[in-house]
Student: 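Structure incoming, see below.
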Amino acid sequence: MKNIDSFGHVRGESLFVDDLITRADTLTGLAFDSPIAHGKIKNVDYSKAIGVVGIVKIFTHKDILGKNQIGSIISDEPLWAIDEVHYVGQPIAFIVAETETIAKRARALISIEIEELPVITTAKEAKEKGSFINDPRSFKFGNTKAAFEKCDYVFEGETFTNGQEHMYLETQGCYAVPQENGNIKITSSTQGPTAVQKTVAQVLGIPMHKVEVDVIRLGGGFGGKEDQATAWAVMAAVAVQHLKKPVKYVLNRHDDLRMTGKRHPYESTFKIGLTKDLKIQAYEVEFLQNSGASADLSPAIAERTLFHATNSYFIPNVIATVHSCKTNLPPNTAFRGFGGPQGMFVIESAIAKAADELGINKMKIQEVNLMKENDEFPYGQIATQVETQECWFSAKEKFELEKIENEVERYNKANSNSKKGLSLMPVTFGISFTNTPMNHARAMIHIYQDGSVGVSTGAVEMGQSVNTKMLQIASDNLGIHPSKVKLETTNTTRVANMSPSAASSTADLNGEAVLKACNTLIKRLKKLVANKLAVTYDVILFKEDVVFTGHKKTKLTWEEVIEMAMLARISLSEIAHYATPIIHYDKTIEKGHPFAYHSYGTAITVVTVDCVRGIYEVDAVKLVHDFGKSMNLGIDLGQVEGGLVQGIGWMTMEEISYNKKGQLESNALSTYKVPDIFSVPREIKVIPLETEGNEMAVLKSKAVGEPPLMYGIGTYFAIQNAIKTFNKNYQFKFHAPFTPEKVLMSLYVK
Ligand code: MTE
Ligand code: HPA
Ligand code: MOS
């Protein structure tokens with residue numbers, strides 16, 4: 001089935017926040033943010049700004065009637081700064097004006113005096129100065145000390161991965177409209193409608209039922225709107241509370257880039273020990289996460305880094321520690337993979353380092369350490385239905401790895417100014433919110449009396465096509481044509497207390513709820529039909545818009561059944577709730593079974609490096625991915641391709657740059673390079689793993705949103721191998737992104 005949004009998107013008819021028809025008296029909001037990364041606010045002079053014709057009011061922390069607090073995991077983030085600022089871009093005030101132009105003019109007239117304090121921009125500096133978000137966390141498994149002593153080889157090293165800008169096409173934004181009796185309705189571009197509702201209620205000092213949040217769809221989120229869509233909606237809501245007029249705030253690209261957090265940069269150190277047979281016996285890793293100025297989602301992201309510290313490998317002795325380091329950057333946040341990619345890069349680097357030192361191919365070490373059935377993860381979960389080796393070996397076989405290796409070798413012998421490099425990247429990614437209580441969802445289905453159906457869920461459509469999947473599940477299980485089903489907007493008054501759409505779990509959680517609601521409705525209708533046709537309940541089937549008895553098609557249509565149900569006063573509405581079974585986790589001992597299942601795959605990457613210029617091309621990424629029994633392969637392949645390219649961007653060209661004063665230098669698309677059509681691999685081939693699927697995934701169709709991003713890590717190591725072929729003196733460095741500048745330096749390092 002096609003993505004239900006495709007027509008609207010192509011024709012430019014799909015609605016986003018900025019497309020909403022606004023009320024005639026709508027005002028525009030604009031945040032005034034700190035120009036300084038760290039300091040004490042001595043004075044802010046708003047007098048000139050207020051004098052601009054068309055300015056309605058400038059809001060500050062003094063106008064907050066509830067709590068000036070928006071931190072979701074830790075209460076460490078004011079909506080508007082009071083007397084200190086902690087990053088460039090931190091909101092201090094909120095200008096409300098008749099138009100955006102007027103608001104901008106006024107913003108330029110605000111003058112601020114700040115007594116500057118020392119600025120920390122890197123995680124290492126923060127650690128040295130004892131600047132942390134919270135206490136460190138460690139996963140301990142086996143006994144590394146004893147294991148290292150028995151190892152034949154021990155290697156140590158350090159790694160760096162930079163941040164990554166989400167660059168959703170649609171910037172952050174919201175539209176808040178006053179309703180009767182002090183109620184407020186907010187349309188927001190958020191992955192977490194309930195987070196917005198709850199935070200608005202807290203800051204305004206009103207109950208949650210007075211706040212309705214509606215989400216039509218997002219022009220991309222990628223994690224950047226899991227937590228960080230909230231602040232803008234709250235600002236607009238405060239203004240609505242005071243002014244009783246609608247307020248719209250859609251950030252321009254510059255403001256969005258400056259004020260929002262990104263993927264967390266990590267500085268890490270590792271120690272890896274192997275025996276002669278290349279089995280990894282011990283692994284110690286310390287992650288320094290650059291969390292930014294407040295917690296945001298950092299603790300949860302740090303946790304997922306630990307969960308993925310050993311990627312697809314079984315290592316019997318592990319210590320993994322993570323420090324969330326407080327710096328003077330915008331609070332960094334969720335980004336596809338949620339800390340997992342940062343963890344995986346380090347173990348892949350450690351293996352590459354060991355292979356380089358031993359003068360062997362990295363694949364050899366990877367291959368002998370892949371997880372197998374019933375191996376234990378360092379966090380205590382026993383791996384079942386493991387497809388790690390299946391993916392690895394079927395990638396080797398189906399894509400004829402030996403042939404690829406020979407071609408690379410032949411090419412490298414024949415060419416002195418350009419070299420090819422090859423790598424394999426296995427991925428094992430845990431599916432479920434790492435925080436067990438978040439793994440639940442609800443769906444509400446109405447069958448209208450003409451037989452058409454409306455489905456509301458807690459799922460937010462952000463381009464991943466979750467609405468198409470929900471529609472498919474509903475139409476399949478009600479036995480009606482997809483055109484009879486409509487996906488409603490995501491709205492807190494129809495589905496309450498949602499977890500954000502994140503953790504790749506949206507389709508699983510909400511899909512299971514849709515499935516349950518359909519089953520309940522069908523049961524009701526079957527009883528009715530059994531009576532009417534005088535047949536047993538069990539033989540009735542709803543299919544192709546009619547009733548079947550046994551395998552016989554009857555004349556009774558879906559519409560007739562619904563009419564009968566109406567007359568018989570049977571409820572045609574249902575709300576269902578789903579909570580993932582089995583999962584649990586005990587943070588006090590760092591053991592449990594946090595994931596419903598894992599998603600697996602292996603990617604083969606071939607690159608060509610131009611050894612004169614340092615530029616490179618990705619020739620091909622060929623991968624075997626475990627979709628389970630995909631319910632929509634077109635959509636799932638789109639997720640693999642998009643995720644892969646986003647991962648390659650992170651590993652190769654996307655270079656976030658803050659200067660020593662904490663100012664974002666890569667603050668536009670001219671200074672921050674995202675992958676374009678010329679930088680995608682010339683060839684992407686995806687073969688779905690042949691498998692029965694997993695019962696814990698909705699309809700056995702596995703979650704696919706985040707895992708493919710990590711295939712992009714393979715590109716880093718393929719480039720590295722090409723460089724080594726050209727320059728034997730090159731010492732492996734693990735410092736991403738591998739920009740052409742860095743490649744060029746590595747090619748000629750003595
Ligand atoms: N795909 C598109 N097109 N746009 C997005 O914003 N977000 C990614 C992934 N794929 C995203 C996307 C992220 S970070 C997550 S967690 C999942 O989709 C969320 O959706 P799912 O849970 O339905 O997979
Ligand atoms: N992924 C995304 N968001 C989250 C998670 C996760 O694993 N845990 C808590 N919030
Ligand atoms: Mo995705 S980073 O869990 O929104």
Side-chain angles (χ1 to χ4, degrees), residues 3 5-6 9 72-73 164 166-170 189-192 195 215 217-229 261-264 295-308 332-343 429-439 441 457-470 490 498-512 580 583 585 587 594-596 599 627 631-632 635-647 650 697-698 701-710:
N3 180 333
D5 271 349
S6 53
H9 281 6
S72 60
I73 296 180
Q164 185 176 23
H166 302 87
M167 209 57 90
Y168 23 62
L169 284 180
E170 179 205 27
S189 178
T190 179
Q191 292 174 237
V215 181
R217 62 166 64 70
L218 275 49
F222 306 110
K225 296 170 181 171
E226 183 174 339
D227 229 31
Q228 299 210 354
K262 314 182 187 311
R263 183 190 292 286
H264 294 75
D296 191 271
L297 292 165
S298 294
I301 291 161
E303 176 178 64
R304 196 177 267 279
T305 301
L306 297 182
F307 282 124
H308 295 98
N332 285 315
T333 195
F335 196 134
R336 208 171 192 168
F338 206 74
Q342 290 96 319
F429 195 77
I431 303 301
S432 287
F433 283 95
T434 52
N435 186 24
T436 303
M438 292 172 80
N439 293 284
T457 73
V460 168
E461 175 59 54
M462 56 185 125
Q464 89 279 40
S465 314
V466 68
N467 278 355
T468 305
K469 289 187 173 177
M470 296 304 103
T490 314
M498 302 170 214
S499 289
S501 285
S504 303
S505 300
T506 319
D508 272 357
L509 298 172
N510 293 276
E512 292 282 3
T580 315
I583 53 172
Y585 195 71
K587 282 189 189 178
F595 298 118
S599 164
F627 296 97
M631 75 167 91
N632 191 322
I635 286 171
D636 288 352
L637 286 171
Q639 286 293 298
V640 172
E641 291 178 1
L644 165 68
V645 172
Q646 207 163 28
W650 173 52
V698 65
S701 179
K702 282 189 165 185
V704 69
E706 294 167 288
L709 182 132
M710 284 148 273

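Atoms within each ligand, like the ligands themselves, are counted from 1 in listed order.
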Student: Is there a polar contact between ligand 3 and Gln191, counting only N or O atoms under 3.5 Å apart?
Tutor: yes
Student: Looking only at protein heavy atoms, which one is nearest to atom 4 (C) of ligand 2, and what is the separation?
Tutor: Phe338 CZ, 3.2 Å
Student: I'd like to check the side chain to side chain contact (heavy atoms under 4.5 Å, CB included) partners of Ala295; sequence neighbours left out, ordered by chain and number.
Tutor: Ile74, Asp76, Ile133, Pro299
Student: Does the N or O separation between Gln639 and ligand 1 drop below 3.5 Å for any pair?
Tutor: yes
Student: For Gly221, is at least one N or O under 3.5 Å away from an N or O on ligand 1?
Tutor: yes
Student: From His166 NE2 over to Lys262 NZ, what is the distance, rounded to the nearest 0.5 angstrom?
Tutor: 8.0 Å
Student: Dump the intermediate steps for side chain to side chain donor-acceptor pair (under 3.5 Å) on Ser504 and Glu706, then the final yes or no.
Tutor: CA-CA 6 Å; Ser504 303; Glu706 294 167 288; 2.7 Å; yes
Student: Carefully, step by step, assess Phe429 and Lys702 under the rule side chain to side chain contact (heavy atoms under 4.5 Å, CB included).
Tutor: CA-CA 11 Å; Phe429 195 77; Lys702 282 189 165 185; over 6 Å; no
Student: So is there a nitrogen or oxygen of Gly463 less than 3.5 Å from a nitrogen or oxygen in ligand 1?
Tutor: yes
Student: For Glu226, counting its heavy atoms only, list the atoms of ligand 2 lying under 4.0 Å from any of them.
Tutor: 2 (C), 3 (N), 4 (C), 10 (N)
Student: Minimum heavy-atom separation for Ala507 and Val698, please, with both atom names.
Tutor: O-CG1, 3.7 Å
Student: Would Ala503 count as a polar contact of ligand 3, with the cut-off being nitrogen or oxygen pairs under 3.5 Å?
Tutor: yes
Student: Hey, is Gly642 one of the residues with a heavy atom under 4.0 angstrom from ligand 1?
Tutor: no
Student: Where on Ser465 is there a heavy atom closer than 4.0 Å to ligand 1, on the side chain, on the backbone, on both, or on neither?
Tutor: neither
Student: Short N/O distance, under 3.5 Å, between Glu706 and ligand 3?
Tutor: yes
Student: Quick check: closest heavy atoms across Thr490 and Ala459, and the distance to 0.1 Å?
Tutor: OG1-O, 2.6 Å
Student: Within the 4.0 Å heavy-atom shell around Arg304, which atoms of ligand 2 are there?
Tutor: 6 (C), 7 (O)
Student: For ligand 1, note which part of Ala334 has a heavy atom under 4.0 Å away: side chain, backbone, both or neither.
Tutor: neither
Student: What part of Glu226, side chain, backbone, both or neither, has a heavy atom within less than 4.0 angstrom of ligand 3?
Tutor: side chain
Student: Identify the protein heavy atom lying closest to atom 19 (C) of ligand 1, giving its residue, its atom name and the separation to 0.1 Å.
Tutor: Met462 CE, 3.6 Å
Student: Among Arg263, His264, Gln228, Gln164, which residue satisfies the side chain to side chain contact (heavy atoms under 4.5 Å, CB included) criterion with Asn332?
Tutor: His264
Student: Assess Ser505 for proximity to ligand 1: is some non-hydrogen atom of it under 4.0 Å away?
Tutor: yes
Student: Looking only at protein heavy atoms, which one is nearest to atom 21 (P) of ligand 1, and how far off is it?
Tutor: Thr506 OG1, 3.4 Å
Student: For ligand 1, which atoms sit closer than 4.0 Å to a heavy atom of Ala502?
Tutor: 16 (S), 22 (O)
Student: Taking the side chain from Arg304 and the backbone from Gly337, do they hold a donor-acceptor pair closer than 3.5 Å?
Tutor: no
Student: Please identify which atoms of ligand 2 are closer than 4.0 Å to at least one heavy atom of Met438.
Tutor: 9 (C), 10 (N)
Student: What class does the angle between the rings of Tyr585 and Phe307 fall in, given that below 30° is parallel, 30 to 60° is tilted and above 60° is perpendicular?
Tutor: perpendicular
Student: Using distance alone, with no hydrogens and no angle criterion, decide if Asp227 and Ser72 have a side-chain donor and acceptor under 3.5 Å apart.
Tutor: yes
Student: Which heavy atom of Thr333 sits nearest to which heavy atom of Gly224, and what is that distance?
Tutor: CG2-CA, 4.4 Å
